[in-house]
Structure formats: structure tokens, C-alpha cells
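Quick notes on the structure that follows.
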Amino acid sequence: MYEEPYRWIEAVGNRRQYLDEQFTKGSPVVALAYADGILMLTVSRGTPKLYEIYDRIALGGMGHPADLEKLRFSLLEMAHVEGFNRSPSDVTGARLMKYGLAPVIKQAFEEIYKAPFIAKILLAELGVKPERDLFLSINYDGNFEESRGWAALGATSSVQGRMRRYVESQPPFAQASLAQAVELALCIWAVGSLAQTASESSTAESSSTQVSDDKAQGDDSCLPDRAALLTHVRHTVAEKSLECVLLERRGPGSTKYRALRPDELGGLLPPAVSSPAVT
Amino acid sequence: MGMQGDFFQLLKEQGYQFGNPVAAAAGMDVPTATTILALKYRDGVLVAGDRRATAGNMVMYDRTDKVLEIDRHSVMAIAGVPATAYEMVRVLEHSFKYYRRTQLQELSFEGKLRAVSKLLKENVPAALAGTGAVVPVFAGYDREQESAKIYFYDILGAEFEAVEYAVSGSGSPTIRGILHYVNTWGPQPLATLPEEQATVQALRLLSSAAEFDSATGGVNRELNLYPVVKLIKAAGVQTIPDAVLKRLYEREVVRER
């Protein structure tokens, strides 16, 4: 029955609705450039969501772990074969995104007889110079975008919009220290996480309302203050684990990726988050 | 297949070939590269190599780097055909990275040793044809056992663990005897030497090799050319800067008459 164009459009529309619901329970991913490189952060429930792809490229994901693994492996394969056959400096985030991820994800999304990837991916690439740091994010339908300075993944575009509004309300952070960057990233994460919880409960109340409805609601309500955000982080971190990786511009050797150890991360957390959690 | 994190297998599936013999090359002067040594000292392992590459009687290059970092904790020093050796190092470097990134854990030290053996074995046809023989010394820090180790290989890929030191290359017979003598009857065993003294020994040994082997380049002070000396410790691989080598060489190696 999908042979008719109208049916196909309808099926793709259903697919969007189904996928949007899949991400509401996921944890947002935040990446931002600070004075010494790039930081990527999320809160995870057991399975890690942040990974090393290549010497200067990190990946953060939302979605189904099996789908993320599949896409991560295809990126790793592409990056390493390319880095070996050409050179490590030819492995760029833009090429991985445009030729590695986007076509595969888009095709899977539109082939309505097959399962789509339940995945949103964020690639952060450390440039040779700070002004060449790049963030690339891709949605479950294969749509991708590039940004500078920071990027985040959230369940819906309205959640991402709220995170953007929060970042825009903050002072510039390009020269921030690692501890300042961690705090800002935690706040952005909390904005996203709270927005997701709110939209989830509102859709639960009026289950059949359209997506545009919660978008309007999400954008209009005012943003919570820093203390409220950090309290939310503290409550969440008590049950789940905070994950944070860095791409360090002055790191030794060619590999700039480094995951922060829990004790290091503990020392960087703002007191409002760390004090009750440390036991 | 990709799920196992085997990069070499992945390359092969994509049509990559390694270690193919070239029959027509028999009798040709292939560039080779020459004296390398690794020794255990107080804080870990020191690996050093001269910088000359020769083809027959001709000096091809005097700035070759034969002590190559594969990752933060392992180093391969090469003697033999540089073209093959560099390729091996590139394969290893990507294999270790690929394994770590796919499997989310570091390849074990033993696994790294096996990877070197495997490549040498693949290379046997080329080695026997005379175009690709490589005789490396592999040294690294074994984090499970918390000690730095040295391994040396034959061209067929057999691996041998060196207890105190290992040498390879055309200049190696000269310094092998010296190493034995110094280690057994010198003022103190090599394994107890502090960093600076171990470096001085390495400079003296490479100068001796250059004295008796035309294919080993010694120190060229006019050109400010010193051997490559790297240290492997728990914290990772560290290269000794030329300025330090120059100071030690002038103070401890040169004897003005």
C-alpha cells in the first residue's frame, strides 16, 4: 500500500512521530569549546554515550545503544581506513558526517519497510586552531548541521531551541577554564533535561496533541536559574553517572581525546552539585 | 569482522596487500637502516638508534628516524628496509588505535607483541626476496605487570624477550660485545643506571658502532646531528631533546687529545 506517494508521506510522518517519542527518555548531550579545547558531557545510565572516533574527533549520541554502536563502528572504520590510506589530517568531521553518516541514516529513515536508526549523533572536531573547532550534529532523518562554539543534542527541536536560548543568555565562554566549562555544560544539559521531562508529562496528559503544541509551550516559558539547574543535576547524578570527555589542544601525542576519570570530574564539579553526592 | 577490532583484517578486506615479494629486485641495492639498541635502566627502557640510511655503498640520508613511537607506551626501533618498516609502523599505529576505539579498552601488551609478529610473518616472502627484510626491536610499558619490556625479533617473526638489552642492525655485533662487558664488569649493571648515565652509554655505544660500521651514522657535531634516544616509563614515551644529547655528548663522550 506504500506504493502510492500519499501513503509513503503518511508513513514517513508516522515514523517521525514514533521516533520523536523514542528520544524523550534519553539524556541530552552537550559539547562546547573552552580555552584549552573541547568538552563533551552527558549523563548516562550504564551504557556510555560519548566515544572516541579519531585523533581529534569525539562522538556523543542519543538513542538506542545498538543503533549507536552500528553507526559508531561504521564511522570508526571509515576514519581509520582513510587515516591510514591518506593521512590522519584528512580525516575530518565534515567528511565523516556528509559521506559516512548522513546517507546511511537518511536511507534507513526513508525505507519504510525497514527499521530506522533510533539515533541522533553529535561529532565534535578539535581544529588545529581554536577558530577551526567544529561541531556537527545529525538528526534521525539524516538532516545535519554544522555549528561553531557549542552544540547540543536534545529529544526534540523545541528542547534544542531552549538549550540554545539558555546559551545565548550566558556570557561568552570561549576563554572559560575547564571547571567553568563543566559548570556551563551541566547547566545547558539541565535545561535540556528539564524541557524533555516537561514535554513528556505534557504529552502524557494530552496524548494526541501535535508536536507543534509542545514546541510553542517549550519556547515561551522562561528559563530556570542556575541554582535550580544545578539542583536538577544533583538529583540526576545521584542515580545516574556523569560522563565527560575532552579533546585537549595541548594534549601529548597525536590523540587528543581523553575521558575524564571520575575523581578528576569530581574535583571540577561546582559545589552545588558535588557536595552531597560525594560519599 | 569489524566488531573484533582487527584493523589489519579490515585493510585486507579492502584489497590492501602487505609484504609482496618483488622478484625483479634481487641484486638491487635497497636502502637499509642500521644500528639500534634498547636497554633497561633504572626507570624503564631506553631505546636509541643512529640516523643513517644506506643503499649499498651510498649514504642515502643522515636524518632517518629509526626509533618510532607507535603509541603513548610503545616504541619500535627498526633495522632493515625503511620502506617496509615505516609501513609496518603505520599499520601497527592504526591497529592499536582502532582496537582501543572499537573495543573501548587498550590492546594488551601481549596483543601488541603478537601484532608485530604477525606483520613480520606476513612480510616473510618480501624479506626472502631481498626487498623487505626488517629486524625490529619492540619496547613498551606493560601496564598490567607495571614494567617496561624489550622484545627483539628475527625476520620470520619469532619474538624473544630481552632480559637486559637488545640490539639490531649491521652495527650491532660491535656493541653487543660492549654491552655484555659493561653490564657484567662495569661499575654497575645497566639496569641500575640513572637516566642521564644510561643516555651517555647509548651515545657511546652508537659512536662505537659508527666507528666500525660504515652503514651506521655517528654524531655529526657540525650539522648538530645526534642519534634518536627515547625513554619508556610508566608515564609514557619521552624523547630526549637534541640540546641535552649535545651537552652529554660534549661532556661525557668526546675526549679531547
Side-chain angles (χ1 to χ4, degrees), chain A residues 40 44 46-61 65-91 93 96 100 104 121 123-125 241 243 245 247-248 250-261, chain B residues 1-18 65 67-76 84 86-107 115 119 122 140-141 143 230-241:
Chain A
M40 199 185 261
S44 58
T47 40
K49 296 283 184 191
L50 309 181
Y51 298 97
E52 176 181 17
I53 295 298
Y54 205 66
D55 294 357
R56 314 178 74 94
I57 300 174
L59 174 149
D67 284 341
L68 283 173
E69 276 298 270
K70 216 166 168 181
L71 294 168
R72 184 175 76 89
F73 263 86
S74 74
L75 278 181
L76 282 167
E77 199 173 302
M78 181 179 170
H80 287 78
V81 170
E82 178 94 0
F84 178 79
N85 285 334
R86 292 203 171 95
S87 88
S89 40
D90 291 300
V91 179
L96 289 177
V104 183
I121 286 177
L123 293 181
E125 181 184 24
S241 56
E243 223 188 319
V245 301
L247 292 166
E248 293 175 302
R250 283 188 285 274
S254 57
T255 298
K256 304 298 181 191
Y257 177 97
R258 188 167 74 88
L260 281 180
R261 294 188 310 273
Chain B
M1 46 88 216
M3 298 289 165
Q4 287 153 18
D6 188 340
F7 183 69
F8 194 53
Q9 189 60 34
L10 176 67
L11 281 182
K12 280 188 175 169
E13 277 159 21
Q14 303 222 342
Y16 174 79
Q17 293 178 323
F18 180 83
D65 188 356
V67 183
L68 304 162
E69 266 171 64
I70 295 178
D71 60 23
R72 290 288 307 136
H73 289 92
S74 45
V75 157
M76 193 162 97
T84 314
Y86 288 151
E87 186 81 354
M88 280 178 64
V89 167
R90 266 162 37 79
V91 172
L92 290 173
E93 203 182 337
H94 267 83
S95 300
F96 297 174
K97 278 188 199 173
Y98 185 72
Y99 184 88
R100 185 184 71 233
R101 290 167 183 160
T102 53
Q103 310 301 304
L104 305 175
Q105 64 180 49
E106 192 77 32
L107 182 60
L119 278 182
E122 297 266 344
Y141 191 81
R143 281 198 271 193
K230 290 190 200 282
L231 305 174
I232 305 166
K233 296 186 262 192
V237 179
Q238 175 199 337
T239 307
I240 299 190

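Chain identifiers are assigned alphabetically (A, B, ...) following the order of the sequence lines, protein sequences preceding nucleic acid strands; residue numbering begins at 1 within each chain. Keep in mind that the numbers below use all heavy atoms, side chains included, and drop hydrogens, waters and symmetry copies.
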Minimum heavy-atom distance T102(B)-R72(A), with the two atoms named:
O-NH2, 3.1 Å

Between Y257(A) and chain B, with a heavy-atom cut-off of 4.5 Å, which part of the residue counts as in contact: side chain, backbone, both or neither?
neither

Can you tell me how far the CZ atom of R100(B) sits from the CD atom of E52(A), to the nearest 0.5 Å?
4.5 Å

Cationic tip of R90(B) within the cone over F84(A)'s six-membered ring, i.e. under 6.0 Å and within 45° of the normal?
yes

Chain B contact via S74(A) - which portion, at a heavy-atom distance below 4.5 Å:
neither

Surrounding NZ of K233(B) (heavy atoms of other residues, nucleotides or ligands, distance under 6.0 Å), is the total greater than 12?
yes

Between H94(B) and G83(A), what is the shortest heavy-atom contact and its length?
NE2-C, 3.4 Å

Between NZ of K97(B) and OG of S254(A), what distance do you get to the nearest 0.5 Å?
4.0 Å

How many angstroms lie between CD1 in I57(A) and CZ in R101(B), if you round to the nearest 0.5 Å?
9.0 Å

Against chain A, label V237(B) side chain, backbone, both or neither, depending on which of its atoms sit under 4.5 Å from a heavy atom there.
neither

Sort R72(B) into side chain, backbone, both or neither according to what part of it lies under 4.5 angstrom from a heavy atom of chain A.
side chain

